[in-house]
Amino acid sequence: MAQGLRLVLFGPPGAGKGTQSQLLTDRYKLAHVSSGDLFRKNLQQGTPLGIRAKEFMAQGVLVPDEVTIDIILTEVISINTEDGFILDGFPRNTRQALELEGALATRSRGVDHVVHIDVSEPELVRRLGGRYICWGCQAPYTVETDAELQACERCGGELYQREDDRPDAVKRRIVVYREETLPLLTFYRERGILVDVPGDDTIDEVNRRIVAALEP
Ligand code: AMP
């Protein structure tokens with residue numbers, strides 16, 4: 001069996017990483033590892049991890065590496081060698097990227113492509129202001145008016161607005177992205193695996209561009 005794709009989806013909050021991850025996992029049958037979803041599930045369940053992550057998430061800053069790296073790498077390493085995966089929201093700083101590289105290298109693996117979804121700041125703010133996610137499966141939706149707020153199309157779950165999608169936290173998350181996460185673009189460009197995709201357009205158009213880049 002062919003080796004599955006190993007992807008990192010990279011981009012600011014609101015770039016559409018979650019939405020594109022869903023489309024790509026369906027298309028290529030990949031495992032989806034989302035650090036944000038994992039933290040939110042733990043928060044909902046009131047686990048020690050959720051309690052630890054709560055304040056950092058609410059403020060829009062990164063959960064400390066000591067908490068994050070082990071949890072995510074344990075998930076990544078548990079994926080069968082021949083299966084592909086998408087990492088969504090991880091790595092978010094240089095230390096996380098180095099640890100990921102090291103963990104995959106011990107199993108003679110690496111990331112095939114880092115897909116950078118590039119979205120302008122006004123568009124990010126607009127999208128996050130109208131973003132709701134499913135309580136059950138975490139699927140994201142962007143709505144223009146409350147009338148569009150239906151149950152989740154995937155699982156029928158109730159939609160809610162994330163605490164960190166409120167304006168203050170959004171501003172902080174964009175600053176954190178610029179200062180801590182953006183330097184990773186150089187890191188991955190130097191490794192020759194970065195794919196830049198303009199991301200201000202519709203979900204379908206952005207997906208088409210990503211697929212075209214992955215299947216040249
Ligand atoms: P997201 O759903 O990816 O926007 O993540 C929501 C929040 O979870 C972030 O604002 C961080 O507080 C935390 N988080 C998610 N992924 C990471 C990560 N790789 N490192 C540190 N914190 C993270």
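One-based numbering, in listed order, for ligands and for the atoms of each.
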> In the hydrophobic clustering (ILVMFWY, side-chain contacts below 4.5 Å, transitive), which residues join Val175, or is it alone?
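Once heavy-atom contacts under 4.5 Å are chained together, Val175 still belongs with nothing else.
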
> For Arg172, is the CZ atom crowded, meaning more than 12 foreign heavy atoms sit under 6.0 Å from it?
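No, because the 6.0 Å sphere around CZ of Arg172 holds 12 heavy atoms or fewer from other groups.
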
> Each residue besides Leu149 in its hydrophobic cluster should be listed here, by chain and number; the cluster joins Ile, Leu, Val, Met, Phe, Trp and Tyr at side-chain heavy-atom distances under 4.5 Å.
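Reading the cluster by chain and number, Leu149 sits alongside Tyr132, Tyr141, Val143, Leu159.
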
> May I have the N/O to N/O pairs between ligand 1 and the protein that fall below 3.5 Å, each with atom names and distance to one decimal?
from, atom 1, to, atom 2, distance (Å)
ligand 1, 2 (O), Arg40, NH1, 2.9
ligand 1, 2 (O), Arg40, NH2, 3.0
ligand 1, 2 (O), Arg162, NH1, 3.2
ligand 1, 2 (O), Arg162, NH2, 3.4
ligand 1, 3 (O), Arg92, NH1, 3.1
ligand 1, 3 (O), Arg92, NH2, 3.1
ligand 1, 4 (O), Arg92, NH2, 3.3
ligand 1, 4 (O), Arg162, NH2, 3.1
ligand 1, 4 (O), Arg173, NH2, 3.3
ligand 1, 12 (O), Val61, O, 2.6
ligand 1, 16 (N), Ser35, OG, 2.7
ligand 1, 16 (N), Gly89, O, 3.4
ligand 1, 16 (N), Arg92, NH1, 3.0
ligand 1, 19 (N), Gly89, O, 2.9
ligand 1, 19 (N), Gln96, OE1, 3.0
ligand 1, 20 (N), Gln96, NE2, 2.9
ligand 1, 22 (N), Val63, N, 3.0

> For residues 64-105, which residue pairs qualify under ring-ring contact (aromatic ring centres under 6.0 Å, His included), counting only residues two or more places apart or in two chains?
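Passing the test, one end in residues 64-105: no pairs.
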
> Is it the case that atom CG in Asp65 sees more than 12 heavy atoms from other parts of the structure closer than 6.0 Å?
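Yes, CG of Asp65 has more than 12 neighbouring heavy atoms, counting only those of other groups under 6.0 Å.
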
> Please determine if Arg40 and Glu163 form a salt bridge, counting it only when a charged side-chain N lies under 4.0 Å from a carboxylate O.
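Not counted as a salt bridge, because no side-chain N and carboxylate O are separated by less than 4.0 Å.
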
